Number of protein chains: 2
Amino acid sequence: MMIRTSTAVGGAARIAEKLGAAILGGTYKPHDLVPGEIELCRRFGASRTVVREAFKLLAAKGLIASRKRAGTYVRAREEWHMLDADVLAWRLRDGEAEPKLVFDLMHARAVIEPAAAAMAARARTPATLAAIERAFADMERAAHSAVLFAEPDVRFHKAILTATDNDVMTAFGALIEAALGIFVDVATRHPGAPAPSVPLHGAVLEAIRRRDAEGAHRAMMALLDRTARNVERNVASGKRRKARQTSASARV
Amino acid sequence: MMIRTSTAVGGAARIAEKLGAAILGGTYKPHDLVPGEIELCRRFGASRTVVREAFKLLAAKGLIASRKRAGTYVRAREEWHMLDADVLAWRLRDGEAEPKLVFDLMHARAVIEPAAAAMAARARTPATLAAIERAFADMERAAHSAVLFAEPDVRFHKAILTATDNDVMTAFGALIEAALGIFVDVATRHPGAPAPSVPLHGAVLEAIRRRDAEGAHRAMMALLDRTARNVERNVASGKRRKARQTSASARV
DNA sequence: CGCGACTATATGTCAGACATAATAACGTTC
DNA sequence: GAACGTTATTATGTCTGACATATAGTCGCG
C-alpha cells in the first residue's frame, strides 16, 4: 500500500509538485522571480541537479523560464499549459479554489462531450462500444456509493471519447478526468447516491449503440445538465466548508 | 572540450526536440527503451546533466518515464499529452505526416470554435472585441499574401477564444495555433491569396459585435467548412510532394 | 525445478568547478 | 553633469567524477 505522507518520494517530482502548486496558488505571480536554485536547494534539502530537473518539469508545462543572471521567473498566464493534467490539478487543488474554473470546465464539457457522443455514435466499432458497455455495467453495480461510482464513471466518459476514433477528441480525456475528480469530491461530501444519473448515462449508451448521433448528442446534453445543476447547488456549500478544512481532502 | 558539430543553440531543449520528434515519428515506439543516458551524451556531445534535463522535459509531457536499472522507456500512447503544443507540433512536423491527424484537428475545431464564437458573442467586452477587430483589420491588410496572412489569422481565432471569458476555452488557443501552422504550410505551397476567406471572417466578427450568438456559431461553421474543403483538396497533393522534400520546410 | 543470494547496470543524487551572459556599478570623457 | 564605455558581480548553464540505489539477470543452492 504505502502511505508516503510526504517523505522519500521522487526528488525532482516532489519539488516540482510543491513549486507548481505554489505558482498556481498565486504565491509566485507572473513576472515574479521564483527563489534561486541555491535557495531552493537549501529549502528542499536537495542538490542543484535535482532542483534544476524540477525546473525543467515546470518549464515543459509553460509555467517558468530562465534568463541568465536575471533568474527564473513565472511566465505570463497565457503561456501556461492550462490543459495539462497536472496544471489543472494544481489549480483545482489549491485551497482557495476558483469556483469560476469549475463552471468553465462544465461549460467546456458541454461543448465537447455532446459532440463527442455524436461522433462516437457514427464511428463506434464493436470493440469501442463494448468498452462503453463494460463501464456502464460497472456503474450500475456501484450506483449505491459515490466513491465506488467515480472510477467507472470516468471510464465511461473516456470510452466515449475513444470511440470517436479522433485522436484530438480522445486527448480531452485527461481534461474530463481532472474535472470529474473534483465533481466527485464535491458529490461525496453531499448526501445521496449517484443512482439517479444512471439512466441518463444509459440513454447515452443506448443512442450510441443504435448509431443515433443526434440522440446521443441530446442525451449527453441532458446528462451534463443534471451534473451542472448538482455542481451549482453544491459550490456554495463547498465554499463555506473549505474554511475549516483548508485542503485536507485525502485523495482516495 | 566539445566540438559542437551543429549550431550551438540550446542544450536540453535541443536534445528534447530531437528525441521528442523521434518518439512521435515512431523511431522509438511505446515500451521501447530509448538509448541510455551515456549513449545519448555521446551522440549529442553533451553531459549527462543536460541529457537528464532533456528527459525531464519529455517526462513532463508524458512521453517517457524511467525505471532504475531498466532504463528510460517510451510510455504508452494513451499517456502522451496530445494537446501539448510541442507534442502536436512534433506529430505534425515529422516527415511522414499523418493525414488523419489533420482531419481530426479539423473536426475538433469544428466542435470547439463555433461554440467559442457563440460564447464570445455573449461574453465579449469592449476590450476583447477590440482585440478581435484589430486582428481582423490586419488580416484585411495582408489578404494578398498567404505568408503575411498567417499571423493575424491565428491572432483572430485566439482573440475569439479569449473573448469567451472561459479559461478552458482560451487554453485551446495552443491547439488552434498548431493546427493553423500546418494549414498555412499547406496553403502557401498552393496558388491563390487568402482573400476569399476575409469576408467569412468578417461575418464572424460582425455577429460577435452585435452579440448574436447563433449567428456567430453559424458564421464560424461556414468559415471552417471552407477551410476544411481547402485542406481536403490539398492533402493529396501535399502527400505526393513530401517524398522529395522530406522535411525541409523552412519555418517562416 | 524452484528459490534465495549475488552481481552488474542504468538511473538517481550529490558536490564542486568553470563558462556564459546580462545586469549593476564604476569611472572616464566630453 | 550627462552620456558612454569598462569592469565586477551574479544567477543560470554546463561539465566532471563520484557515490547511492534499486532491480533485472545470473548463479548456485536446496
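By convention in this document, chain letters (A, B, ...) are assigned in the order of the sequence lines, proteins followed by strands, and residues within each chain are numbered from 1. As the structure is a computational prediction, the values presented were derived from the model and not from experiment.
A:Arg52 has its CZ atom 8 Å from the C1' atom of D:dT14, to the nearest Å. Between the C1' atom of D:dT16 and the CD atom of B:Glu37 lies a distance of 15 Å, rounded to the nearest Å. Whole-Å rounding puts the B:Phe55 CZ to C:dT11 P distance at 6 Å. A:Glu53 places its CD atom 9 Å from the C1' atom of C:dT13, with the value rounded to the nearest Å. Rounded to an integer number of Å, the gap from A:Leu33 CG to C:dA22 C1' is 13 Å. What separates OH of B:Tyr73 from P of C:dT9 is a distance of 22 Å, to the nearest Å. Residue A:Ile64 contributes atom CD1, which lies 16 Å from atom P of D:dA11 at whole-angstrom precision. With rounding to whole Å, A:Ile38 atom CD1 is found 14 Å from C:dC14 atom P.
The minimum heavy-atom distance between A:Asp167 and B:Asp104, with the atom names listed, is N-OD2, 3.0 Å.
Of the two residues contacting DNA chain C, namely A:Gly45 and B:Arg69, the nearest-nucleotide position lying further toward the 5' end is that of B:Arg69.
In this structure, the nucleotide among D:dT14, C:dT11, D:dA24 sitting nearest to the side chain of B:Thr72 is C:dT11. In the set C:dT13, C:dT11, D:dG13, the nucleotide with an atom closest to the side chain of A:Ser66 is D:dG13. Of all nucleotides listed (D:dC15, D:dT12, C:dT11), D:dC15 comes nearest to the side chain of B:Val50.
Within 4.0 Å of A:Thr49, counting heavy atoms only, lies at least one base atom of the nucleic acid.
Salt bridge status for B:Glu39 with B:Arg42: present, with a side-chain N to carboxylate O gap under 4.0 Å.
If you check distances only, the side chain of A:Arg48 never reaches the base of C:dG16 with a donor-acceptor pair under 3.5 Å.
The aromatic rings of B:Phe136 and B:Phe156 are tilted relative to each other, their planes meeting at an angle between 30° and 60°. B:Phe149 and B:His201 have perpendicular rings, their planes meeting at more than 60° on a 0 to 90° scale where under 30° would count as parallel.
For the pair B:Arg67 and B:Tyr73, the cation-pi test (distance below 6.0 Å, angle within 45°) is passed.
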